Amino acid sequence: MTTRTIRLIIVDDDALVRAGLTFMLGGAGDIEIVGEAADGSEVPALVERVAPDVVLMDIRMPAVDGLTATEALRARPGAPEVLVLTTFHADEQVLRALRAGAAGFVLKDTPPAEIVAAVRRVAAGDPVLSPAVTRQLIGHVAGEEPVGAARGDAAADRLAALAEREREVAHAVGEGSSNAEIAARLYMSVPTVKAHVSRILAKLGLNNRVQIALLVHDANQRPRE
């Protein structure tokens, strides 16, 4: 069986970082580096020209940062997946990138084999976010200012459109629970939990579990009368 080649572009303002990532990722037989960019402003034209499957995107860049580039890119039809490259586990920019539809993030000091695996997972449509990381991110959000009424009400309305069992799964995802933990708590099989998560993502137009968790958080934190 022929393995599909993953078309990847690397976006980072540090030429040495780009060179290192190109060397590391280009050595994987199923990954082809089809372009590089030094700033987020270069991303739209590059994506249009080379049609990548995945964009490995640094967050901090001098002109157009990775967050702005991710938001613009993910708003386009048929957008490639975005894997955020950062030096921090849970800062506001990472969270905003995930809200915008990034499929996950990797730290710059992540071992090479794990970065390769992350690119493969994202290309396959799987988020690169463990339940432990989800819990950390949601914990970071919980320390922010209260969610405004409009955003909280909108989140609650979106969750209300789910079936009852789907809402139960969504709330469990919002707590950072793994599929196995959700299955045990709700007396389901793990494949059934996965199917519910897939339906939730499709119904709500979301990209990954963290977006589900953030939506649940917004609904739970809305001001009460």
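Atom set for the values below is all heavy atoms of this structure, side chains included, hydrogens, waters and symmetry mates excluded. All figures in this text were calculated on a predicted structure; none of them were measured in a lab.
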_Thr68 side chain to Val64 backbone, donor-acceptor under 3.5 Å_ = no

*Side chain of Glu48, backbone of Ala45: donor and acceptor closer than 3.5 Å?*
no

*Reported CD-to-OG1 distance for the pair Glu32 and Thr5, which is rounded to 0.5 angstrom*: 6.5 Å

*Rounded to the nearest 0.5 Å, how far does CD of Glu168 lie from CZ of Arg185?*
10.0 Å

_Could you tell me if the side chain of Ile9 sits less than 4.5 Å from the side chain of Ile33, heavy atoms only?_
no

*Any donor-acceptor N/O pair, Glu175 side chain to Ala172 backbone, under 3.5 Å*: no

*Could you tell me whether the side chain of Val82 reaches within less than 4.5 Å of the side chain of Leu56, counting heavy atoms only?*
no

_Looking at Asp58, is its backbone amide N or carbonyl O close enough to the side chain of Asp12 to form a donor-acceptor pair, meaning the two atoms are under 3.5 Å apart?_
no

_Using a strict threshold of under 4.0 Å (side-chain N to carboxylate O), is an ion pair present between Asp30 and Arg120?_
yes

_Atom pair CG (Leu162) and NE2 (His196), whose distance is rounded to the nearest 0.5 Å_ = 11.0 Å

_Can you tell whether the side chains of Arg18 and Asp13 come within less than 4.0 Å, N to carboxylate O?_
no

*Can you tell me how far CD1 of Ile115 sits from CG of Leu21, rounded to the nearest 0.5 angstrom?*
6.0 Å

_Between Leu107 and Val84, is there shared hydrophobic-cluster membership here, with clusters defined by ILVMFWY side-chain heavy atoms closer than 4.5 Å?_
yes

*Short question: side chain of Thr110, backbone of Val106 - any donor-acceptor pair under 3.5 Å?*
no

_Could you see if Val119 belongs to whatever hydrophobic cluster contains Phe23? Use Ile, Leu, Val, Met, Phe, Trp, Tyr and a side-chain cutoff under 4.5 Å._
no

*asked:* Quick one: does any side-chain atom of Arg158 pair with a main-chain N or O of Leu204 as donor and acceptor, under 3.5 Å?
replied: yes

*asked:* How long is the straight-line distance from CZ of Arg7 back to CD1 of Ile31, given to the nearest 0.5 Å?
replied: 13.5 Å

*Would you call Glu81-Arg121 a salt bridge at under 4.0 Å N-O?*
no

*Heavy atoms only: give me the nearest Phe105-Leu83 pair and the separation to one decimal.*
N-CD1, 3.9 Å

